[in-house]
Amino acid sequence: MAVFTAVTEHELAQWMRHYDLGDVVDFRGIASGIENSNFFLTTTRGEYVLTIFEKLTSAQLPFYLDLMRHLASHRVPVPDPIPRDDGALFGMLHGKPTAIVTKLEGAAQLAPTTEHCAEVGHMLARMHLAGRDFPHHQPNLRSLPWWQETVPSVLPFLSEAERELLSSELAHQHAFFGSSDYAALPEGPCHCDLFRDNVLFAHADPATGHEVRLGGFFDFYFAGCDKWLFDVAVTVNDWCSDLATGHLDAARVEALLRAYQTVRPFTQEERRHWSDMLRAGAYRFWVSRLYDFHMPRAAEMLKPHDPTHFERILRERLNGSALPGVPTCN
Ligand SMILES: Nc1ncnc2c1ncn2[C@@H]1O[C@H](COP(=O)(O)OP(=O)(O)O)[C@@H](O)[C@H]1O
Ligand SMILES: N[C@@H](CCOP(=O)(O)O)C(=O)O
């Protein structure tokens, strides 16, 4: 269930008068998704996605929509927000901010191979470089200050061993974030949630002979400015982990990092702190999943994600001997 706000034919017709997108041919709700009401919209001009933002406010939205527009204009395949006739990238429908963005091609690949990982790594690096001249700044709102604020509220629900790990890792990350090496890590706009379900792959490309072709990255609504290495770590923790054990698959890690570094090689500090950042990436999602699990919001529609998955991943990453190294890139 992911249409929280219904739109009638009449309301859609009124809404479309603000856009130069031709006539509506088809309009249907998208079943997946948990945050917003999403609809596939086909017009005589093309295919789009209409999103009614259920939680994000008008004040918060410009950063995300401007970033998507900026990346799309730099030929990074992301949904491109369509401006209305007054130039705005969103308007209000049912009292909620609403936007129309371009529809990406393809389907999610939930069992990725090394080829999928290489495509994702390559595009992630391109995305980071394309974001360098993005003029707006908004921090990743799910970083250290949010962890520090949130951890005390989940501690009472946890076992002694979980509490111990949550607290000791927070202390470790606090020290890492305060270090001069951390300050030297390159940064910029990051997706911050580039999981398997936020990337689409289209069919094989006969022109290049590539078996897999990236359709694009979407769901930028956790994006923010952060260390690029954090974005890579979040991505590797999801794309390259065995889902049952949290163990990193060395071949997928190698493929993703090698492809990333053909575009942007890691700095010395990044290589040195790869394992700390994998831990930070795991910690971020352990904390958010614990929070969603133990403090579900009223009227939550879906079962919260399993927090123990990221506890397992964090414990795995702490076991340094299980970590594949960062490939060198010449
Ligand atoms: N721009 C897009 N192009 C193609 N499909 C999209 C696009 N945006 C969303 N979708 C589809 O809609 C689904 C729900 O979107 P998502 O961003 O995950 O929703 P939510 O923000 O509610 O979690 C995705 O799984 C994807 O199939
Ligand atoms: N990827 C996160 C949850 C973020 O929610 P999304 O469905 O909007 O991507 C997780 O797995 O915990």
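Just follow the structure's listing: the first ligand is 1, and inside any ligand the first atom is 1.
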With sequence neighbours left out, what residues match His70 under side chain to side chain donor-acceptor pair (under 3.5 Å)? Asp133

Okay, side chain of Arg271, backbone of Pro327: is any donor-acceptor separation there less than 3.5 Å? yes

Indicate yes or no for a side-chain donor-acceptor contact from Asp80 to the backbone of Ala72 under 3.5 Å, with no hydrogens or angles considered. no

Protein contact to atom 6 (P) of ligand 2 [nearest heavy atom, distance to 0.1 Å]: Asp219 OD2, 3.7 Å

To which protein heavy atom is atom 2 (C) of ligand 2 closest, and what is the distance rounded to 0.1 Å? Asp193 OD1, 3.5 Å

Taking 4.0 angstrom as the limit, do Asp23 and Arg45 come out as a salt bridge? no

Report the part of Asn198 (side chain from C-beta onward, or backbone N, CA, C, O) that has a heavy atom under 4.0 Å from ligand 2; answer both or neither where that applies. side chain

Counting only heavy atoms, which portion of Tyr221 has something under 4.0 Å from ligand 2: side chain, backbone, both, or neither? neither

Does the separation of the ring centres of [X] and [Y] fall below 6.0 angstrom?
| X | Y | result |
| --- | --- | --- |
| Tyr64 | Phe220 | no |
| Phe177 | Trp147 | yes |
| Tyr221 | Phe53 | yes |

Is a donor from one side chain sitting under 3.5 angstrom from an acceptor on the other, for Asp276 and His172? yes

Looking only at the side chains, is there a donor atom on one of Arg264 and Tyr260 sitting less than 3.5 Å from an acceptor on the other? yes

Under 4.0 Å from a heavy atom of [X]: give me the atoms of ligand 1 that qualify, with their elements.
| X | result |
| --- | --- |
| Thr102 | 1 (N) |
| Lys103 | 3 (N), 4 (C) |
| Asn38 | 14 (C), 15 (O), 19 (O), 20 (P), 22 (O) |
| Leu200 | 4 (C), 5 (N) |
| Pro79 | 1 (N) |
| Asp219 | 17 (O), 18 (O), 21 (O) |

Checking heavy atoms under 4.0 Å, the part of Asn36 that sits near ligand 1 is both

Taking heavy atoms and a distance under 4.0 Å, where does Leu104 meet ligand 1: side chain, backbone, both or neither? both

Find all atoms of ligand 2 within a distance of less than 4.0 Å from any non-hydrogen atom belonging to Phe285, and give their numbers and elements. 2 (C), 10 (C), 12 (O)

Give the numbers and elements of all ligand 2 atoms closer than 4.0 Å to a heavy atom of Phe222. 4 (C)

Does Ala6 have any side-chain contact (heavy atoms from CB on, under 4.5 Å) partners at least two apart in sequence or in another chain, and if so, which? none

Can Arg284 and Ser288 be said to form a side-chain hydrogen bond (donor to acceptor under 3.5 Å, both in side chains), step by step? CA-CA 6 Å; Arg284 179 262 182 254; Ser288 63; 2.8 Å; yes

Phe220, Phe218, Phe40, Tyr48: member with heavy atom nearest to atom 5 (N) of ligand 1: Phe40

Heavy-atom distance to atom 11 (C) of ligand 1: which of Ile30, Asp193, Val49 wins? Ile30

Does ligand 1 have an atom under 4.0 Å from some heavy atom of Asp197? no

Flag Arg289 as yes when one of its N or O atoms lies below 3.5 Å from any N or O atom of ligand 2, and as no otherwise. yes

